There are 2 protein chains.
Amino acid sequence: MDLQLPPTLRQLRVACSQCNLMELCLPVGLSEEDVARIEALIGNRRKLKRHQALYEVRSPFQALYAIRAGSFKTTIVLEDGREQVTGFQMTGELLGLDGISTGQHVVSAIALEDSEVCVIEYTRLEALAREIQGLQAQFHKVLSREIVREQSVMMLLGTMRAEERLAAFLLNLAQRFAARGFSGTEFRLRMTREEIGSYLGLKLETVSRTLSHFQEEGLIEVQHKNIRLRDRERLRGLIQAPLSH
Amino acid sequence: MDLQLPPTLRQLRVACSQCNLMELCLPVGLSEEDVARIEALIGNRRKLKRHQALYEVRSPFQALYAIRAGSFKTTIVLEDGREQVTGFQMTGELLGLDGISTGQHVVSAIALEDSEVCVIEYTRLEALAREIQGLQAQFHKVLSREIVREQSVMMLLGTMRAEERLAAFLLNLAQRFAARGFSGTEFRLRMTREEIGSYLGLKLETVSRTLSHFQEEGLIEVQHKNIRLRDRERLRGLIQAPLSH
DNA sequence: CGGACCGTTGATTCAGTTCAAGTCATGTGG
DNA sequence: CCACATGACTTGAACTGAATCAACGGTCCG
């Protein structure tokens with residue numbers, strides 16, 4: 001995920017107040033003064049190479065991570081080894097919320113490309129949230145938003161057919177790219193067909209076939225990992241009005 | 001869900017400190033003094049008849065609800081009318097977390113039987129959480145636990161076969177009944193086959209067939225809504241070791 | 001440049017859905 | 001308090017969407 005800034009500028013963005021993700025991240029709707037205090041909270045950064053784990057299942061929970069650059073997947077594993085992707089995260093989104101409950105992570109977070117995160121030590125976040133009402137409110141909203149997101153995935157997995165799932169997935173990605181100032185009609189998938197399938201409860205062959213099918217129908221153009229949405233309305237229609245029954 | 005207390009006693013339990021759900025609810029691990037302050041927070045109660053909505057989709061979010069007696073389902077609806085159950089809640093569990101994100105509820109909460117909830121006004125909860133660290137910590141854990149629960153439902157819907165889903169569902173119910181001091185081997189389902197199916201991404205016929213199949217196998221006894229677990233270990237084994245592949 | 005991974009496409013199989021018919025339970029109004 | 005209607009559940013038979021198995025082409029990376 002290119003930040004579309006020259007490298008020199010990239011070096012300079014060291015603080016939340018200068019981060020172009022500010023409106024996506026925690027310090028939203030806060031006074032300058034409060035943002036300054038949050039900057040102090042957000043200590044160091046961490047860089048990760050593609051396929052590297054930010055944290056693993058069962059590792060102790062200590063911090064949340066705001067994605068500064070790159071993207072991640074979170075995966076959960078069953079005793080018998082079956083694995084499922086529970087989410088894809090991109091810049092400005094928060095990772096680690098699953099660890100608060102038990103003090104141990106229940107998913108692993110893996111970088112889909114070379115990435116960088118801001119480390120937010122959790123005890124310090126809680127302390128600051130007690131002092132800055134706006135931060136508390138924002139944090140609660142982030143937690144609740146994750147609950148809501150997962151509920152819509154449950155809907156997707158529970159009641160949608162393969163085509164609808166893929167359509168919903170593509171539209172969601174597009175919307176998130178657009179929210180970050182990238183094109184919402186042309187983008188590059190960071191994940192494999194298998195990872196998409198795992199997230200959507202489908203096999204990779206079904207993902208591949210369905211994308212091909214969308215292409216035949218003129219809904220999208222697929223070239224490897226590059227996607228272009230050609231008929232967003234019909235794509236949206238797929239979700240709301242299933243073919244039959 | 002009978003509280004197993006004579007009616008007279010039931011009248012008397014008016015405060016958190018005397019509520020037998022205390023260890024399941026918000027005031028966990030707090031000093032007596034703090035519990036007293038939380039009692040003040042928890043204003044009135046609300047009684048609901050079977051099938052009555054505690055709140056509906058799109059209704060404004062103002063409060064969380066702790067279930068004092070009875071049980072609920074939460075459902076999300078698609079534009080085309082398709083509906084899915086996203087969770088079943090029983091005594092001591094919190095309802096309404098979905099509303100924090102946008103200020104509007106994204107699910108409806110419907111009583112499965114005559115029920116009663118404690119109303120927790122959200123702005124007051126946030127204010128108190130800023131003052132009482134233990135309450136803040138507990139609240140965050142509750143939010144995170146819901147995120148984790150939904151992730152395991154995603155796993156269930158995404159990668160499990162019908163038998164595994166049902167087995168996981170029954171074991172989860174059993175464990176929650178047991179945590180509340182009821183029998184974990186013999187209990188009554190509060191929801192219909194259709195509601196179970198909706199939650200598990202199955203049709204009601206499949207739920208019915210699978211339960212019958214479990215019975216033939218000697219895993220459970222089913223009589224209408226009454227379930228008895230006869231071989232918990234083999235039931236658990238179903239989840240961890242799928243038949244083939 | 002070679003090998004591993006990733007993706008596409010086809011043929012076949014199968015788990016779960018759909019359609020259907022009938023039983024049983026519940027509760028409501030006369 | 002009974003009668004009847006309605007909703008809940010079960011079971012069977014046929015159907016189907018997605019999985020599985022398989023073979024092959026493309027691409028990326030060391």
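Every chain is numbered from 1, with letters handed out A, B, ... down the list of sequences. Computed from a predicted model, the values in this text were never measured in an experiment.
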ask   = What pairs with F61(B) under ring pair (Phe, Tyr, Trp, His ring centres under 6.0 Å), at least two apart in sequence or on another chain?
value = H105(B), Y122(B)

inquiry  = Angle between the end axes of the helix from dC1(C)-dG30(D) to dG30(C)-dC1(D), five pairs per end, to the nearest 10 degrees?
reply    = 50°

Within 6.0 Å of CZ in R50(B), more than 12 heavy atoms from elsewhere = no

inquiry  = Classify G201(A) by what it touches in the nucleic acid, base, sugar-phosphate, or nothing, heavy-atom distance under 4.0 Å.
reply    = sugar-phosphate

task = To the nearest Å, give me how far apart CD (E113(A)) and C1' (dC28(D)) are.
result = 16 Å

note = Whether each nucleotide of nucleotides 8-14 of chain C has a protein heavy atom under 4.0 Å at its base (B), only at its sugar-phosphate (S) or at neither (-) is summarised, 5' to 3', as BBBB---

ask   = At what distance, to the nearest 0.5 angstrom, does CG of L112(A) lie from CD of Q89(A)?
value = 8.5 Å

ask   = Would you find more than 12 non-hydrogen atoms of other residues, nucleotides or ligands less than 6.0 Å from K47(A) atom NZ?
value = no

task = Assess whether atom CZ of R234(B) is packed by more than 12 heavy atoms of other residues, nucleotides or ligands within 6.0 Å.
result = yes

Interatomic distance where CD belongs to E195(A) and C1' belongs to dC6(C) [whole Å] = 11 Å

key: CD/E116(A): more than 12 non-hydrogen atoms of other groups inside 6.0 Å   = yes

note = Rounded to whole Å, CZ of R50(A) lies from C1' of dC6(C) at a distance of 11 Å

ask   = With a cut-off of 6.0 Å (strictly less than), are more than 12 heavy atoms of other residues, nucleotides or ligands near CD of E194(A)?
value = no

ask   = Which whole-number value in Å describes the distance from K49(B) NZ to dG27(C) C1'?
value = 14 Å

query = Could you state the CD1-C1' distance from I196(A) to dC6(C), rounded to the nearest angstrom?
reply = 12 Å

request  = Starting at atom NZ of K203(B), determine the distance to atom C1' of dG17(D), rounded to an integer number of angstrom.
outcome  = 13 Å

query = For the side chain to side chain contact (heavy atoms under 4.5 Å, CB included) test, which of R149(A), R145(A), Q151(A) pairs with I147(A)?
reply = Q151(A)

task = Mind calculating the distance between CD (Q223(B)) and C1' (dA25(C)) to the nearest angstrom?
result = 12 Å

query = Does the ring center of F88(B) lie less than 6.0 Å from the ring center of F72(B)?
reply = no

inquiry  = Does a side-chain N or O of K225(A) approach OP1 or OP2 of dC6(C) to a distance below 4.0 Å, or not?
reply    = no

message = Expressed as a whole number of angstroms, how long is the span from E164(B):CD to dG16(C):C1'?
response = 14 Å

